[in-house]
A.B. asks: 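Below is one structure. I have some questions about it.
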Amino acid sequence: MSIKVSHITKIYGEQKALDDVSFTVNAGEIVGLVGPNGAGKSTMMKIITCYLPQNAGEVSVCGFDVVEQSIEVRKKVGYLPEHNPLYLDMYVVEYLEFIAGIHKLGKATKARIAEMIEMTGLEVERKKKIGALSRGYRQRVGLAQALIHDPEVLILDEPTSGLDPNQIVDIRNLIKKVGRQKTVLFSTHIMQEVEAVCDKVIVIDKGKIVANKSTLEMHQYNTTYQVISVEFDSKVNKNLLKEIMGVIEATNTRGNYWSIKAGMENDIRPEIFKFAVKHNITVLSMNIEEQSLEETFHQLTKK
């Protein structure tokens, strides 16, 4: 595995920013670290990237401990912080040369800069000062610096924050492209980001992990009720449907299609079939609806 986080706790004064957090990210995965503002996402990323020490627990990246072997970890990690720190008076190529020098790329510097400029779509802006770039292009420069030393792991903190819709799509596509070859962990509180990019989702709230599931499992996650879509071959009385054991509500969506909300205790689909047989009705189709990731996120993080 690329990242292993074991029982991490971080305390600021009297506030516990992270509370016994554990998770793993496997090689080649794109994982979203999701949570409300102030949930502990940035703190977790700063610990993984050796910028901040934990109070308890252990973190390893590619087998190297972030405290005992921080230099080795930094070689393996590319990091784009939430507030992208750039030297605004530097030209794009000049800045990337500076970063390449920090990583001691030597003779490979020119080729890597050319590759990063092409990968991140900076060709048109390569001769400009960073201070003259739009926010979207500054994010591209930040991604280029994070990738220039060809790290195995990419850590991105709110990479699309403040971007316009077109820029957001561009950055998402770039993350997916990079994710084909590297492990990517990025934080966000926007569930559409997760749906568009991630293989797995880790939800953090008030410093604790409240879910760690694949994107598909998150769609199917529901702690309160399930919704079943049913199409009958003829009209059905709503009051009769509500008499089925476990049904909370029944809504006629169109024609003979019904949306039936039921409790999570039992699978009521057999009861719906029994109901149809009893009333001489045919069930043409039936399936459990997936809830949106936003609904899941709200359930997991609501106060």
Side-chain angles (χ1 to χ4, degrees), residues 19-26 28-37 39-41 172 176 187-303:
D19 187 2
D20 195 30
V21 170
S22 297
F23 63 86
T24 59
V25 180
N26 296 318
E29 285 186 325
I30 302 178
V31 176
L33 183 62
V34 181
N37 291 330
K41 304 186 298 296
R172 285 177 184 171
K176 285 192 284 188
S187 71
T188 183
H189 56 272
I190 304 169
M191 296 310 294
Q192 292 94 326
E193 298 257 281
V194 174
E195 196 145 24
V197 176
C198 293
D199 304 309
K200 190 170 74 174
V201 188
I202 299 169
V203 184
I204 186 169
D205 186 37
K206 299 174 185 175
K208 288 181 174 289
I209 299 293
V210 293
N212 185 351
K213 300 176 181 291
S214 71
T215 310
L216 177 60
E217 289 172 326
M218 287 292 287
H219 272 297
Q220 298 170 343
Y221 182 93
N222 198 321
T223 59
T224 55
Y225 60 84
Q226 59 183 317
V227 178
I228 300 171
S229 296
V230 186
E231 181 190 6
F232 298 106
D233 70 337
S234 58
K235 291 183 179 180
V236 176
N237 185 290
K238 177 177 180 176
N239 292 328
L240 292 177
L241 281 174
K242 291 178 71 174
E243 290 178 3
I244 298 173
M245 185 176 297
V247 171
I248 298 171
E249 184 58 71
T251 304
N252 185 212
T253 54
R254 60 186 172 86
N256 296 324
Y257 286 87
W258 289 83
S259 180
I260 299 174
K261 183 186 289 187
M264 297 296 292
E265 298 81 12
N266 298 297
D267 185 351
I268 69 162
R269 286 175 294 178
E271 298 301 321
I272 293 173
F273 277 113
K274 290 177 184 178
F275 163 85
V277 171
K278 178 179 178 180
H279 295 278
N280 198 28
I281 301 168
T282 300
V283 174
L284 299 179
S285 65
M286 180 163 55
N287 64 280
I288 297 176
E289 291 183 7
E290 290 185 348
Q291 68 176 8
S292 72
L293 291 184
E294 285 189 357
E295 290 172 333
T296 302
F297 179 76
H298 177 68
Q299 281 189 31
L300 290 166
T301 61
K302 63 186 177 183
K303 306 302 180 184

A.B. asks: How would you list, by chain and number, every residue that makes a side chain to side chain contact (heavy atoms under 4.5 Å, CB included) with Val277, sequence neighbours excluded?
C.D. replies: none
A.B. asks: Please determine which of Val194, Val197, Thr215 meets the side chain to side chain contact (heavy atoms under 4.5 Å, CB included) test together with Ile30.
C.D. replies: Val197
A.B. asks: Near Asn280 CG, under 6.0 Å, is it more than 12 heavy atoms from other residues, nucleotides or ligands?
C.D. replies: no
A.B. asks: So, using side chain to side chain contact (heavy atoms under 4.5 Å, CB included) as the criterion, who are the partners of Asn252 when residues are at least two apart?
C.D. replies: Trp258
A.B. asks: Tell me, please, which residues at least two apart from Val247 pass side chain to side chain contact (heavy atoms under 4.5 Å, CB included).
C.D. replies: Ile244, Ile260, Ile268
A.B. asks: For atom CZ of Arg269, is the number of surrounding heavy atoms from other residues, nucleotides or ligands below 6.0 Å larger than 12?
C.D. replies: no
A.B. asks: Using ring-ring contact (aromatic ring centres under 6.0 Å, His included) as the criterion, list what pairs up with Phe23, not counting sequence neighbours.
C.D. replies: none
A.B. asks: Excluding sequence neighbours, so at least two apart, what forms salt bridge (Lys or Arg N to Asp or Glu O under 4.0 Å) with Lys274?
C.D. replies: Glu271
A.B. asks: Using the test salt bridge (Lys or Arg N to Asp or Glu O under 4.0 Å), find all partners of Lys208 that sit at least two apart in sequence or belong to another chain.
C.D. replies: Asp19
A.B. asks: Would you name the heavy atoms of Gly263 and Ile248 that are closest together and state the gap between them?
C.D. replies: N-CD1, 3.7 Å
A.B. asks: Within the distance-only criterion (no hydrogens, no angle test), does the side chain of Lys41 pair as donor or acceptor with the backbone N or O of Pro36 below 3.5 angstrom?
C.D. replies: yes
A.B. asks: Does Glu249 come within less than 4.0 Å of Lys238, counting only side-chain N to carboxylate O?
C.D. replies: yes
A.B. asks: Stepwise, does the side chain to side chain contact (heavy atoms under 4.5 Å, CB included) test hold for Asp199 with Val31?
C.D. replies: CA-CA 6 Å; Asp199 304 309; Val31 176; 5.8 Å; no
